[in-house]
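Below is one structure, written out as structure tokens; the observations come after it.
Residue numbers start at 1 and run along the sequence shown.
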Amino acid sequence: MDSKRIQEIIPHRDPFLFVDQVMNLDPVENSVVAQKKITKDEPFFRGHFPGNPIMPGVLIVEALAQTGLICLFELKLVEPEAEFFFTGIEQVKFRRPVVPGDLLELHAKLLKKRRTLWKFEGRAFAGGQIAAEGVFSAYAIPRSR
């Protein structure tokens, strides 16, 4: 799945779209593997940190959340007009910095659903090593627009 298809199913846009392509979507496991190429031209590198660019951890978490949304929408587990809002970010650990030139591999797997609450496990890899991991919760509501 390419960037064009991703933008058809989730509302995020540049400069806040952190998934370039989907490599694997597993309807049995309710999981997805996606990628984001991290370039030196990313807008956040201008301030984080000049001379030592490191992708902010909160943006890695956002990339994992977007990956989870792709899973829900593409596997048609939610209505296409649903909007999602974070309700929890748990057990997040940052293990390796993500820097320009890295290919960020994003893994998200649905852990459980209760009514309109969704819980995912996410792992981000860079250079073959785990860069970040955690558990993410989101609440779905009908789209108001």
Side-chain angles (χ1 to χ4, degrees), residues 1-27 29-111 113 117-145:
M1 176 186 312
D2 64 11
S3 180
K4 182 179 177 190
R5 176 67 184 139
I6 291 167
Q7 290 181 51
E8 290 172 0
I9 60 176
I10 66 172
H12 304 80
R13 296 294 179 266
D14 188 52
F16 215 75
L17 178 61
F18 298 111
V19 179
D20 294 334
Q21 61 182 336
V22 172
M23 309 308 294
N24 185 42
L25 191 63
D26 186 336
E29 293 288 322
N30 289 328
S31 66
V32 63
V33 177
Q35 292 181 337
K36 164 77 173 147
K37 178 144 181 58
I38 308 301
T39 70
K40 64 180 174 64
D41 299 324
E42 304 289 346
F44 50 81
F45 285 140
R46 289 193 303 265
H48 198 269
F49 298 99
N52 186 25
I54 298 171
M55 185 175 186
V58 69
L59 296 183
I60 298 169
V61 168
E62 176 63 26
L64 288 166
Q66 290 177 17
T67 302
L69 280 182
I70 290 167
C71 181
L72 292 180
F73 284 120
E74 191 64 11
L75 293 179
K76 306 202 183 340
L77 299 173
V78 295
E79 296 297 322
E81 66 275 357
E83 288 186 343
F84 281 82
F85 300 94
F86 267 132
T87 59
I89 302 170
E90 308 166 42
Q91 304 169 23
V92 173
K93 303 263 191 249
F94 298 101
R95 310 253 185 224
R96 174 200 187 279
V98 176
V99 298
D102 279 340
L103 181 62
L104 193 60
E105 187 173 292
L106 304 156
H107 296 239
K109 180 179 180 180
L110 179 63
L111 294 176
K113 176 208 184 251
L117 183 67
W118 300 81
K119 189 172 259 193
F120 277 90
E121 156 184 276
R123 288 191 175 85
F125 295 85
Q129 300 174 322
I130 191 153
E133 60 187 330
V135 176
F136 313 100
S137 304
Y139 175 71
I141 62 170
R143 186 165 286 165
S144 58
R145 297 177 213 100

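No side-chain heavy atom of Lys93 sits less than 4.5 Å from a side-chain heavy atom of Gln91. No side-chain heavy atom of Asp2 sits less than 4.5 Å from a side-chain heavy atom of Gln21. Two residues are said to be in side-chain contact when any heavy atoms from C-beta on lie closer than 4.5 Å; Trp118 and Leu69 fail this criterion. Counting heavy atoms from C-beta on, the side chains of Val22 and Glu74 never come closer than 4.5 Å.
Every residue meeting the salt bridge (Lys or Arg N to Asp or Glu O under 4.0 Å) condition with Glu29, not counting sequence neighbours, appears here in chain and number order: Lys109.
Taking all atoms of both residues into account, the shortest heavy-atom contact from Pro97 to Ile54 is CB-CG2, 4.1 Å. The two atoms that bring Ala108 and Thr67 nearest to each other are CB-CG2, 3.9 Å, heavy atoms only. Phe120 and Gly68 make their closest contact through CZ-O, 3.3 Å (heavy atoms, listed as atom of the first residue, atom of the second, distance). Contact detail for Ala132 and Ile60: the closest heavy-atom pair is CB-CG2, 3.8 Å. Of all non-hydrogen atoms in Phe45 and Pro53, the two that sit nearest each other are CD2-CB, 3.4 Å.
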Practice prompt. Could you walk me through whether Arg95 and Gln129 pass the side chain to side chain contact (heavy atoms under 4.5 Å, CB included) test, one step at a time?
Written response: CA-CA 8 Å; Arg95 310 253 185 224; Gln129 300 174 322; over 6 Å; no

Discussion item. Using the rule given for side chain to side chain contact (heavy atoms under 4.5 Å, CB included), can you reason through Met23 versus Glu105, listing the C-alpha separation, both sets of side-chain angles and the distance that settles it, and then say yes or no?
Written reply: CA-CA 9 Å; Met23 309 308 294; Glu105 187 173 292; over 6 Å; no

Worksheet item: Stepwise, does the side chain to side chain contact (heavy atoms under 4.5 Å, CB included) test hold for Val19 with Lys36?
Response: CA-CA 5 Å; Val19 179; Lys36 164 77 173 147; 5.8 Å; no

Worksheet item: Between Phe73 and Glu8, is a side chain to side chain contact (heavy atoms under 4.5 Å, CB included) present by the stated rule, with each step listed?
Response: CA-CA 10 Å; Phe73 284 120; Glu8 290 172 0; over 6 Å; no

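Under the 6.0 Å cut-off for aromatic ring centres, Phe125 and His107 qualify, their centroids lying closer than that.
Ser137 contributes atom OG, which lies 9.0 Å from atom CD1 of Ile89 (distance to the nearest 0.5 angstrom). Between atom CD1 of residue Ile70 and atom CG of residue Leu25 there is a gap of 9.0 Å, rounded to the nearest 0.5 Å. Atoms CE and NE2, from Met55 and His48 in turn, are 10.5 Å apart once rounded to the nearest 0.5 Å. A distance of 11.5 Å separates NZ in Lys119 from CG in Leu110, rounded to the nearest 0.5 Å. Atom CG of Asn24 sits about 10.5 Å away from atom CE of Met1, to the nearest 0.5 Å. In this structure, the separation between CD on Glu79 and CG on Leu72 is 12.0 Å, given to the nearest 0.5 Å.
A donor-acceptor distance shorter than 3.5 angstrom exists from the side chain of Gln66 to the backbone of Phe16, with no hydrogens or angles considered. Of the possible donor and acceptor atoms, none in the side chain of Gln7 sits under 3.5 Å from a partner among the backbone N and O of Lys4. A distance-only check finds a donor-acceptor pair linking the side chain of Arg96 to the backbone of Ala126 [under 3.5 Å].
Open room surrounds CZ on Arg46; 12 or fewer heavy atoms of other groups in view lie less than 6.0 Å from it. Few gaps surround NZ on Lys113; more than 12 heavy atoms of other groups in view lie less than 6.0 Å from it.
Applying the side-chain contact (heavy atoms from CB on, under 4.5 Å) test between Leu106 and each of Val33, Asp20, Leu64, Val32 identifies Leu64 as the sole match.
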